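The block underneath contains the structure these notes are about, expressed in structure tokens.
Order of the sequence lines sets the chain letters (A, B, ...), proteins ahead of strands, with each chain counted from 1. What you are looking at is a predicted structure, and each value in this text was computed from that prediction instead of being measured.
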Amino acid sequence: MTDHHHEEPFWRKYIFSVDHKVIGIQYAVTAMIFLLFGFCLMLIMRWNLAYPGEVIPIVGKLLSEDGMLTPDGYNSFGAMHGTIMVFLGVVPLAVGGFGNYVLPLQVGAPDMAFPKINMASYWTFFLGGVCMLASFFMPQGTASSGWTMYAPLSVIATTGETMWLVGMVFLITSSLLGSVNFIVTVIQLRANGLTWMRLPFFVWTQFVTAFLLLLAFPPLEAAAVFQIMDRVAGTSFFLPSGLYVGGEVLNVAGGGTPLLWQHLFWFLAHPEVYVLILPAMGIVAEVIANNTRKPLWGYRSMVYSIIFLGFMSFVVWAHHMFLTGMGTTMAAFFQTTTMIISIPSVIILSALFISLWGGSIRFTTPMLFALGFLPMFGIGGLTGLPLGLASADIHLHDTYYVIGHFHYVVAPGTIFALFAGIYYWFPKVTGKRMNEALGKTHFYGSFICINGVFMPMFIQGLAGVSRRLYDGGSTYLHAQPVLQWNEFMTIAALGLFFFQIFFIINLIISLAKGEKVSSNVWDATTLEWAAAPSPPLPHVNFEKVPDVYHGPYEYSTNSGGNGQPDFTPQHKKINS
Amino acid sequence: MEVPYTVKPRPDTGLYNAKIGVWLFLASEVMLFGALFSSYILLRMGASSWYVGSEALNVPIGTFNTMVLIVSSVTVVMAWASLRMDDLKKYKMYMGITILLGLVFLVVKILFEYLPKIDHGHVPSEHNFYAIYFVLTGLHALHVIGGLVLNAYLWGPGTKMWETEPEQFTNRIEIAGLYWHFVDIVWIFLFPTIYLL
Amino acid sequence: MLELLKKVGFTEGYSAQSPAIDSVMSWVHILMLILFLGWGVFFLYTLVRFRQKKNPKADPVGVTNHYSTYSEAAVAIFEIILLVAFSFPVWASRVENLPDNGDAEVIRVIGQQFKWNIHYSGEDGVFGRTVADSIDDQALNFIGLDRENEAAKDDIIPTQGHLHLPVDRNIIVELSTRDVIHSFAIPVMRVKQDAIPGIRIPTWFTPTKTGSWEIACAQLCGNSHYEMKGYVHVHTQKGYEAYMKTLSVIHEVDDYDYTIKSEETLKKVLEALKSNEAFDAEELALLALSQAEAAQAEQELSGDDYEWDEE
Ligand code: HEA
Ligand code: HEA
Ligand code: CUA
Ligand SMILES: [Cu+2]
């Protein structure tokens, strides 16, 4: 069964591989490097926020003659931090990495529906990443108008901006290829008996995510084309006439509007934030079910919630634009949809909380990260509510409150969930298990530090400190009472970095000589653990195509006595 | 173990993989052109001046090109139908015509529309009308080129597959056809929007 | 709740619109706090009670009651109330129900990389024409005021970055920008509005306290975005009028150079002020005098005289 494919040369097997598992690992490794890089950019920025205009230690000499970060440098790092974290870090890791590796295994498929397209997807992503990185070496540096690239600032910006746009077109293409693959795989390649309501929650989240990617990205592609035209061909899609820039009136036909860019951008970027969170929720759900040894509570309502969330995420985009001169009706519409979209999130989070009740909770490292996710995402989500109320957003828009809001969802939220996923599926990928002591240190250290980084942002935001300030607001009088937090947050961020070292070391030593474990080390029910060896067989995944007889989380539902396992794998037929 | 349902439809969905794939791809294309059209509307509503399409653009040539594409949409169906009837020769002919018509569309577009416009200084930077005209039709033309490359492959070297896996080959033609219809439909929306309104 | 928010950094509100916005802020934070505490307690209790050691055998059913559904419904109802009773009306009053021009001071603010320009219509109440072609930074014509335009003759453009307002009057700021997007923010007055190229967006508020505060730029606008700071100076009605008079005199003396740049100009201005018959009351002239000095001080200290004395 397994030997029909011949030995492949190295480059076919590990570089231009069409095996979803190899591609998943490629995605994950690339993404982790980008995450680390994005983090380092931010550390430099954070140093400057705490000690404006002081020499940056260690890397200062690389940045400028005098070792300081310039305001231009700050802006370009900021834009790249946002872009890299979102498009080159979290999405590729959560979707490209985990999605690719785990999803086909969980649905009992031999591979993705279109393996070659899958490979193309990775390499287009890679090219996009190369474009973004290359822009650091452009004479005038990278794009520097925020990750949102608002026109006209972005249109009059330096050439790095064009690189950003081209890179973005690659990334969009990559996502499209990937998402088609994911959707078809779920629809077509599910194992026999794996009905929709028997899909692990993780598969559901990837499925909905793929639709978001598929449908939300193209408008940004259109917008990127427009902006490239504005920059290169002298059109004025986003430029009205009579702009005065750099000592002269901008010589364009005019007639365009900067708001067009914002609409197109946010039409993508709002669904995009759910792309960041949904796979994370999926991972957390898997880990929680496994480590509480009981089925997810309210699985069905969770599934309906994410589908609803997916739909709604297309109609809330303008809540990022309340202050662009929006009238009452429009604002009312987008406030209402924003409040509506918070309800499914509340339902999902509540269901996850309640799932813990009655469990027999094992505090393994993945579980710790998954548990950490819950209140952290909760705080991030809750602080989205005042932003969604336009009248409160008047005060909070573009302050550090917003920065605090979304970092709580993406950093201690999504990033923690991704860590949970790494610790959870590492034995699947390698057959070895990660070190628990290092893992727990990593968790507790990160948990404390990351709250130290992001909690004070709410305080600064309430005081009205603007975001994207090179000096962290040190010349603003209204920032004075909350300014001391800048140093605190920077130190916490350095601490956060310190604790990531435990993770990296753990990763390396576990790869080299981690404790070898059985195929189903967590006693899990889902197919990737229960029906396939760890690591799974190259290309075919399973020794035998599994048939499925149960829902995804049959933990503790059988008697489980007399040394019997307390779980029923999805593919085990039970005579009763 | 091969990936299942690459050729035969899956019983419960009634579709083979690539067909769902292409529908999804087209859905995302709809979003792309949807965004482009919405932008057109937004720009036009906000503009203080706008050209009358029928005066600024060459309607007869546009109409001609519309016809060309519509006919090519028919021939691509014929090509697929010929394969279903096991007639490779006819397939070659119809597919050949489709490709030719696509080429005619492009050549006419470039020679009789783009070049004269640029000669007269009607470049994208002149006015947002021309900007959106060039971007919309340009992106459409790129899609036509993509379709041509695909069809040319299926007409030429790709035909080898007919000998080994006729069913899969037929499926491929069906998918290429679906894509080609889409390109055609986009033009059918484009033409009145830009040339006539 | 408001007190609590203020303990953790929330600024005081010095405009008539602040209370409405602050009440939305406090109500939504109450909702957040309830949810946070409720679920937080549940979470911690669950973790302790159902740890593996204590509870080796899981109960696959878990919770059977419907409290969570009720709580979700409660959240939804709370949100509806927030929207309908608070946020919609507040928003409507902020952006739609602007006060009549007769009942308000209309002032134009024009963003520029990286300064705020202020434009008063002067005595005629009509703003002079501004065109991009007339912009001339050297000649201090930052907003491109067409000086041939009749309506522009009496327009007043004070020092860049200094917005002077009367207290307890409705202020309509007509916001625009000459280059990129900026965002006009006065945190203590709960005012924030993006300035979008190509359009002029009105926003309004009513300062309730005299003194000086900052205008922040809240939208990334280039490398010196962080320096794009301005000031609002809220005067008593009398002080405001005097200030405007002073400026119009300066305008006459110094031909469009509204910023008192030199000792000499200042002297000339003072002369003019003393001899100008427009000032019937000596008191007014004196007030104006102090304003002129203050204006100069602002210029020199570029705002470091944070709270100069008003009366
Ligand atoms: C993963 C990413 C993610 C997620 C999930 C969300 C979720 C939400 N976001 Fe957020 N958002 C961002 C990422 C995200 N956001 C980003 C990146 C930005 C800024 C972009 C930029 O400008 O650069 C942003 C900005 C942003 C704005 C614009 C602010 C501004 O610029 O002025 C708004 C306004 O409405 C908003 C609202 C919301 C709402 C209502 C939710 C809701 O979906 C949240 C619903 C969740 C809940 C309501 C939580 C429920 C909690 C419980 C039930 C219990 C909690 C218990 C404990 C804590 C113990 N977000
Ligand atoms: C997914 C998105 C994401 C993530 C994860 C993060 C993570 C972090 N962000 Fe970022 N951030 C953004 C998206 C994100 N950010 C965006 C969109 C903006 C707005 C930009 C703009 O203004 O345009 C922003 C802006 C932003 C600002 C505001 C800047 C400003 O307005 O001037 C700050 C300030 O402190 C900040 C800090 C941080 C910190 C300390 C982290 C930390 O949490 C980082 C923690 C990171 C990790 C924990 C990853 C570690 C990974 C590894 C260790 C992998 C191991 C590697 C190998 C094995 C090779 N971010
Ligand atoms: Cu102007 Cu920021
Ligand atoms: Cu959003």
Side-chain angles (χ1 to χ4, degrees), chain A residues 1-2 4 109-115 117 175-177 179-181 183-185 187-190 195 210-211 213-223 225-226 229-230 233-237 239-241 251-257 259-260 263-264 267-268 537 539-542 544-545, chain B residues 1-6 8-51 118 122-136 138-139 142 175:
Chain A
M1 179 101 220
T2 62
H4 80 273
D111 203 323
M112 281 289 182
F114 312 110
I117 291 182
S175 292
L176 292 183
L177 297 176
S179 52
V180 170
N181 230 330
I183 297 172
V184 177
T185 306
I187 296 180
Q188 293 286 89
L189 305 190
R190 277 170 295 129
T195 57
F211 271 103
L213 287 173
L214 184 79
L215 301 178
F217 255 128
L220 187 66
E221 194 144 25
V225 171
F226 285 153
M229 290 292 284
D230 271 7
T235 57
S236 32
F237 288 111
L239 305 173
S241 53
N251 183 20
V252 293
T257 161
L259 291 181
L260 175 59
H263 281 294
L264 292 172
F267 188 82
L268 150 93
L537 305 169
H539 286 291
V540 300
N541 289 344
F542 301 93
K544 185 173 146 295
V545 194
Chain B
M1 194 163 77
E2 289 296 324
V3 174
Y5 313 120
T6 46
K8 290 260 182 295
R10 178 179 165 119
D12 58 351
T13 60
L15 297 162
Y16 56 91
N17 297 345
K19 195 148 173 186
I20 303 188
V22 79
W23 278 117
L24 291 168
F25 173 69
L26 293 183
S28 93
E29 291 280 76
V30 167
M31 294 303 286
L32 174 68
F33 281 97
L36 291 169
F37 278 104
S38 315
S39 307
Y40 166 85
I41 294 168
L42 212 105
L43 285 172
R44 178 158 187 180
M45 290 197 329
S48 49
S49 69
W50 202 258
Y51 287 74
I118 295 170
H122 297 313
V123 287
S125 55
E126 185 194 334
H127 188 274
N128 265 341
F129 171 78
Y130 284 111
I132 200 101
Y133 163 77
F134 273 102
V135 168
L136 271 175
L139 279 177
L142 280 181
I175 283 165

Among A/Ile183, A/Asp230, A/Ile117, which residue has the highest count of heavy-atom pairs closer than 4.5 Å to chain B?
A/Ile183
Which bit of A/Phe114 comes within less than 4.5 Å of chain B, counting heavy atoms only: side chain, backbone, both or neither?
side chain
For a quick test of reading the model, state the closest non-hydrogen atom pair linking B/Met31 to A/Leu215 and the distance between them.
CE-O, 3.2 Å
Heavy-atom side-chain contact between A/Pro110 and B/Pro4 under 4.5 Å:
yes
From the list B/Val30, B/Asp12, B/Asn128, the residue making the most non-hydrogen contacts under 4.5 Å with chain A is B/Asn128
Who in residues 33-43 of chain B is close to chain A, using a strict under-4.5 Å heavy-atom cut-off?
B/Ala35, B/Leu36, B/Ser39, B/Leu42, B/Leu43
Which one, A/Ala223, A/Ala222, A/Pro115, leads in non-hydrogen pairs under 4.5 Å with chain B?
A/Ala222
So, for B/Ser125 and A/Ala233, which heavy atoms are closest and what is the spacing to 0.1 Å?
CB-O, 3.4 Å
Going by ring-ring contact (aromatic ring centres under 6.0 Å, His included), name the residues that satisfy it together with B/His127, two or more places apart in sequence or in a different chain.
B/Trp50, B/Tyr51
Pick one of side chain, backbone, both or neither for A/Ile187, based on which atoms fall under 4.5 Å of a heavy atom in chain B.
both
For B/Phe134, the ring-ring contact (aromatic ring centres under 6.0 Å, His included) test, sequence neighbours excluded, returns B/Tyr114
Per the side-chain hydrogen bond (donor to acceptor under 3.5 Å, both in side chains) rule, what does the pair list look like for residues 22-33 of chain B, sequence neighbours excluded?
B/Glu29-B/His143
Separation between CZ of B/Phe25 and CG of A/Leu177, rounded to the nearest 0.5 Å:
8.5 Å
From the list A/Val252, A/Leu189, A/Asp111, the residue making the most non-hydrogen contacts under 4.5 Å with chain B is A/Leu189
Applying a strict 4.5 Å limit to non-hydrogen atoms, the region of A/Leu214 in contact with chain B is both
Nearest heavy-atom neighbours spanning A/Arg190 and B/Arg10
O-NH1, 3.0 Å
Between A/Phe217 and chain B, which part of the residue has a heavy atom less than 4.5 Å away: side chain, backbone, both or neither?
neither
Pairwise distance CE(B/Met45) to OG1(A/Thr257) - rounded to 0.5 angstrom:
11.0 Å
Counting distance only, does the side-chain N/O of B/Asn17 pair as donor-acceptor with the main-chain N or O of A/Gln188 below 3.5 Å?
no
